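What follows is a set of notes on a single structure, which appears directly below.
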Number of protein chains: 2
Amino acid sequence: MGKIEDAIRQREFKDPYNKAVVNLLFTHSYLVTLQNALFKPYDISPEQYNVLRILRGQNGVPTTVSSIQDRMLNKMSNASRLVEKLKTKGLLIREECPTDRRQVDVVISEKGLNLLRELEGKVEESNRTLIHLTEEEVRQLNDLLDKMRG
Amino acid sequence: MGKIEDAIRQREFKDPYNKAVVNLLFTHSYLVTLQNALFKPYDISPEQYNVLRILRGQNGVPTTVSSIQDRMLNKMSNASRLVEKLKTKGLLIREECPTDRRQVDVVISEKGLNLLRELEGKVEESNRTLIHLTEEEVRQLNDLLDKMRG
DNA sequence: GTGAATTTAATGTATATACATACAAATGTA
DNA sequence: TACATTTGTATGTATATACATTAAATTCAC
């Protein structure tokens, strides 16, 4: 694939900051395209996978919708609707919180845990192979991204 | 904002590759949230802005929908519908191609050019301020992203 | 304790992505 | 030329994002 200039047929950028924004947007598209392909056979989207991982990270402790939202990669997403989709698929259990009736308690189901187990190795392998960098370079990338957001 | 671990309240990652994927997804969300806010007063989306820039880059030469698609950051997007939206707003002109009636010729309108001129400085400034890196570091980031995609 | 303010979740609407499919026009081939 | 294939664009449907609004439950102030 190589340089962004070839990929989107743009000769040059105004400055490296401008290029970085475009490069990040394009790289995101590269990532999610591959992720979609990975998850498609399991009838799940990358966002739904992420919610399931958040729930598993709670180790069985019920989580509210707003807490899921907080931990999501996209803060503007709509945890409420994603939870509804996952419930329909039987991948999580949602019930009214007894101590605060505004909230709902969400827990990953056995079926959800099994799906995560099935996907785990594939996701890990995919993450490694789609990033063509040495371990030292990936660490650099992570540091730059963390610093970049200020 | 700082480290991704704090931002999404995840204690640790399996390996730096895994972290990089999450970090890229999260950074993308950070970027587009700020871009949306920038473009909103002009009643335009980041994707629509990108299409207008592609058209301006043609310097008045008519462009087909598939050529726009090729140059877009997201290859799976739907140039046809974006062009339709921009036409409704009067930001571009779309007409049947005389030599090949399957194709449509798309050219940016004067109104579209004016909008780009109005936005130009703001976008450039925004791109600089939302990336908290030195020029040397941004170049590094660009190189890593280019290399990462293989 | 009552009413205002806040919190939590759900819903409504517009936009965009992802992918399949349809259809017309152009091209290639026998 | 006739017909199959390919190309260019549009459309249909499901999912997700972005953001405003609603409604119910809780908390706070008095």
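Just so we're on the same page: letters track the sequence lines, and every chain starts at 1. All of these numbers come straight from a predicted model, not from anything done at the bench. Side chains are part of it too, since the values below use all heavy atoms of this structure and drop only hydrogens, waters and symmetry mates.
Considering only side-chain atoms of A/Asn74, the nucleotide from D/dT17, C/dA18, D/dT15 that sits closest is D/dT17. Residue B/Ser80 places its side chain closer to D/dT11 than to any other of C/dG12, D/dT11, C/dT8. Closest to the side chain of B/Gln48, out of D/dA10, C/dT15, C/dT17, is C/dT15. Among the nucleotides C/dA10, D/dA10, D/dA18, the one closest to the side chain of B/Val104 is D/dA10. Residue B/Asn78 places its side chain closer to D/dT11 than to any other of D/dA18, D/dT11, D/dG8. Closest approach to the B/Arg94 side chain among D/dT17, D/dA10, C/dA9 is made by D/dA10 (side chain taken as heavy atoms from C-beta onward).
Shortest non-hydrogen contact noted between B/Ile4 and A/Asp146 is N-OD1, 3.3 Å. Across all non-hydrogen atoms, the minimal contact from B/Pro16 to A/Asn142 is O-ND2, 3.1 Å. Nearest heavy atom pair, residue B/Pro46 against residue B/Asn36, reads CD-OD1, 3.2 Å.
Per the geometry, CG belonging to B/Asp43 stands 14 Å off C1' belonging to D/dC19, to the nearest Å. In this structure, A/Phe39 atom CZ and D/dA14 atom C1' are separated by 18 Å, rounded to whole Å. Look at CG on B/Asp100: it is 11 Å from C1' on D/dT9, rounded to the nearest Å. Atom CG of B/Leu31 and atom P of D/dA18 are 12 Å apart (whole Å). The distance between atom CZ of B/Phe26 and atom P of D/dT17, rounded to the nearest whole Å, is 14 Å. A straight line from NZ of A/Lys89 to C1' of D/dT15 spans 9 Å, rounded to a whole angstrom. Atom CG of A/Leu82 is separated from atom P of D/dT17 by 6 Å (rounded to the nearest Å). Put simply, CD on A/Glu84 is 11 Å from P on D/dT15, counting in whole angstrom units.
Between B/Lys40 and A/Thr99, the residue anchored closer to the 5' end of DNA chain D is B/Lys40, taking for each the nucleotide with the nearest heavy atom. Residue order along DNA chain C, read from the 5' end via each residue's closest nucleotide, puts A/Val65 first among A/Val65 and A/Thr33. With the nearest nucleotide of DNA chain C identified for both A/Ser66 and A/Asn36, A/Ser66 has the one nearer the 5' end. In this structure, A/Arg101 and A/Ser77 both approach DNA chain D, and ranking their closest nucleotides by distance from the 5' end singles out A/Ser77.
Not a single donor-acceptor contact under 3.5 angstrom links the side-chain atoms of B/Arg102 to the base of D/dT9.
With a 6.0 Å radius and a threshold of 12 heavy atoms from other residues, nucleotides or ligands, B/Glu125 has its CD atom at or below the threshold.
Of the charged side-chain nitrogens involved, at least one lies within less than 4.0 Å of a carboxylate oxygen, so that B/Lys14 and A/Glu120 count as a salt-bridged pair.
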